[in-house]
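Data block below; observations after.
To find a chain, count down the sequence lines: A is the first, B the second, and so on, and within it residues start at 1.
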Protein chains: 2
Amino acid sequence: MTKKLAKSAISQKRVLDAAAKIFRDFGYAGTTMRVIAEEAELKAGSIYYHYKSKDDLISAVLDLGIKAVIDAVKDALAKLPEDAPGRLRVQTAIHAHLSAIIDNGDYTLATRRVFGQVPEAIREKNLRLRNSYAAMWQDILTEAQKRGEFRPDANLSLARLFILGALNWTVEWFKPGGSSIDEVARNFSAVVVDGLVVRPDVTASGAAEAEEKDPPRTVRIRAL
Amino acid sequence: MTKKLAKSAISQKRVLDAAAKIFRDFGYAGTTMRVIAEEAELKAGSIYYHYKSKDDLISAVLDLGIKAVIDAVKDALAKLPEDAPGRLRVQTAIHAHLSAIIDNGDYTLATRRVFGQVPEAIREKNLRLRNSYAAMWQDILTEAQKRGEFRPDANLSLARLFILGALNWTVEWFKPGGSSIDEVARNFSAVVVDGLVVRPDVTASGAAEAEEKDPPRTVRIRAL
DNA sequence: CCTCTTTTCTAACTAGTGTTAGTTTTTCGA
DNA sequence: TCGAAAAACTAACACTAGTTAGAAAAGAGG
């Protein structure tokens, strides 16, 4: 069996791109094969030459959406030196994640908006990919905590959920005219990392008296 | 014209609750009047006695979803003393927001999932409420920055987007069995606030040499 | 018990859904 | 240029959608 013809692959991608865009705007049920076809400059029936059902299409969109992010983050992390500190790993992952979800905006947005509405089986399949991605982040965080770079009392599962939640939400408000990806990544890293790293006044010796003089600056948060 | 009868109001709320739940699970287009009716123990046609269209229903769900959060956060902030520091205001707002969106889970989730798929006019109307809520958060943050409590170089618009993004995402993963609302709120606050407050080693005199001895702990994040 | 109002139901309409079978057009190597 | 393979189209199918008009039931007050 030889490779698929180029022509077919192009057309297939055009349908997939169109599907991502329409799913993004109208949700799972709100998306019709006829509208996807129109977006892809085709007739509805022709889609079935490339994808065997609507569910097949949404499944492809979902998988590609998360895979693009996984690959981007993995590649960026792989380029770091072995001994790169946790802070840099987090910064790098944040930047790569942001770039990926904005470059693949239609797919990520479609994924985010449609995920909860898709048939159980399709969601389950896609969930496996997402879980592996979550595990990747968890590794970065726990590794850094083990090395003493992050506060030992931080709940890293919650921190991960915070980070990925905020990151994934960016596609909702990010517009090309506003802050650049670099700017957003830098600011977000600043918020997250400076809340996670061990603070000098905690580890460094001779910082205790400063804390006593100025209680409101204490690291630990009182329960509400 | 007298007040509406109690009986009618109860039935109307039952329909609205059912609608929130179904919209949450199936999205805007995926939700059918017949399924909402079933959930509310009614026949499809009867819904139209209470709401004049499907769009009327979704609009009510969206508005109630955001209003519940606004009221909760406003109330919590009002109970703070006049001179409450920014750190405490942020903690309080985070906790109130979290409590509200989890108590009104169906409405918040429906709102989050359906917002992007709803007809333009309805979205526009709901957006006004959401903008007023965003402005409220912005006030808390800028006020604290003015008073010197938060880093002067932090981009507070971005910070707000991160916070609200992460908070709104919690409804996707929060389960009664896991971390409590208090725990989540405390951890989120820790991440956010400790990333925003002025760090002692920046303001306090005599911290410079510590920074020189241990460069990786520097506050500012290098661009990637 | 009767009557008026509120609430619910029934049955139907039109429009649009995913999908398919069969046909036509396009592509491209020999 | 011919002809087979690939790609796209057409027209229809069974089904479900939101909505409505009118009948029926439930409730309340006298």
Rounded to whole Å, please give me the gap between NZ in A:Lys54 and P in C:dG16.
16 Å
May I ask you to evaluate whether A:Ser11 reaches the phosphate of D:dA8, defined as a side-chain N or O under 4.0 Å from OP1 or OP2?
yes
Taking only N/O atoms, report every protein-nucleotides 10-12 of chain C pair under 3.5 Å with atom names and distance.
unit_1, atom_1, unit_2, atom_2, d
C:dA12, N6, B:Arg34, NH2, 3.4

Between B:Arg113 and B:Glu172, does any side-chain N to carboxylate O distance fall below 4.0 Å?
yes
side-chain hydrogen bond (donor to acceptor under 3.5 Å, both in side chains) with B:Asn155: which residues, sequence neighbours excluded?
none
Gap separating the CG atom of A:Leu80 from the CG atom of A:Asp75, nearest 0.5 angstrom
11.5 Å
Numerically ordered, the residues 21-33 of chain A set in heavy-atom contact under 4.0 Å with DNA chain C is A:Thr31, A:Thr32, A:Met33
Euclidean distance, A:Lys54 NZ relative to A:Lys52 NZ, rounded to 0.5 Å
15.5 Å
note: B:Ile58, atom CD1; D:dG18, atom C1'; distance rounded to Å ~ 15 Å
Do the side chains of A:Asp17 and A:Lys13 get close enough for a salt bridge, i.e. N-O under 4.0 angstrom?
yes
Is the shortest side-chain N to carboxylate O distance from A:Glu39 to A:Lys21 below 4.0 Å?
yes
Sub-6.0 Å ring centroid separation between B:Phe188 and B:His97:
no
Could you tell me the separation between the CD atom of A:Glu38 and the C1' atom of C:dG16, rounded to a whole number of Å?
14 Å
So which of B:Leu156, B:Thr142, B:Ile94 actually passes side chain to side chain contact (heavy atoms under 4.5 Å, CB included) with B:Trp137?
B:Ile94
If you take any heavy atom closer than 4.0 Å to DNA chain D, which residues from residues 115-124 of chain B end up in contact?
none
Of the nucleotides D:dA7, C:dT6, D:dT19, which has the atom closest to the B:Tyr49 side chain?
C:dT6
Looking only at side chains, do A:Asp55 and A:Tyr28 share a donor and an acceptor under 3.5 Å apart?
yes
A:Ile47 has an atom CD1; how far is it from atom P of D:dT10, in whole Å?
14 Å
Just how far, in rounded Å, is C1' of C:dT7 from CG of B:Leu42?
9 Å
Residues forming a salt bridge (Lys or Arg N to Asp or Glu O under 4.0 Å) with B:Arg123, sequence neighbours excluded:
B:Glu120
The criterion is side chain to side chain contact (heavy atoms under 4.5 Å, CB included); which residues satisfy it with B:Leu64, sequence neighbours excluded?
B:Leu16, B:Tyr107
Nucleotide D:dA6, atom C1' - distance to CD1 of A:Ile10 in whole Å:
14 Å
Think B:His50 has a side-chain N or O under 4.0 angstrom from the OP1 or OP2 of C:dT8?
yes
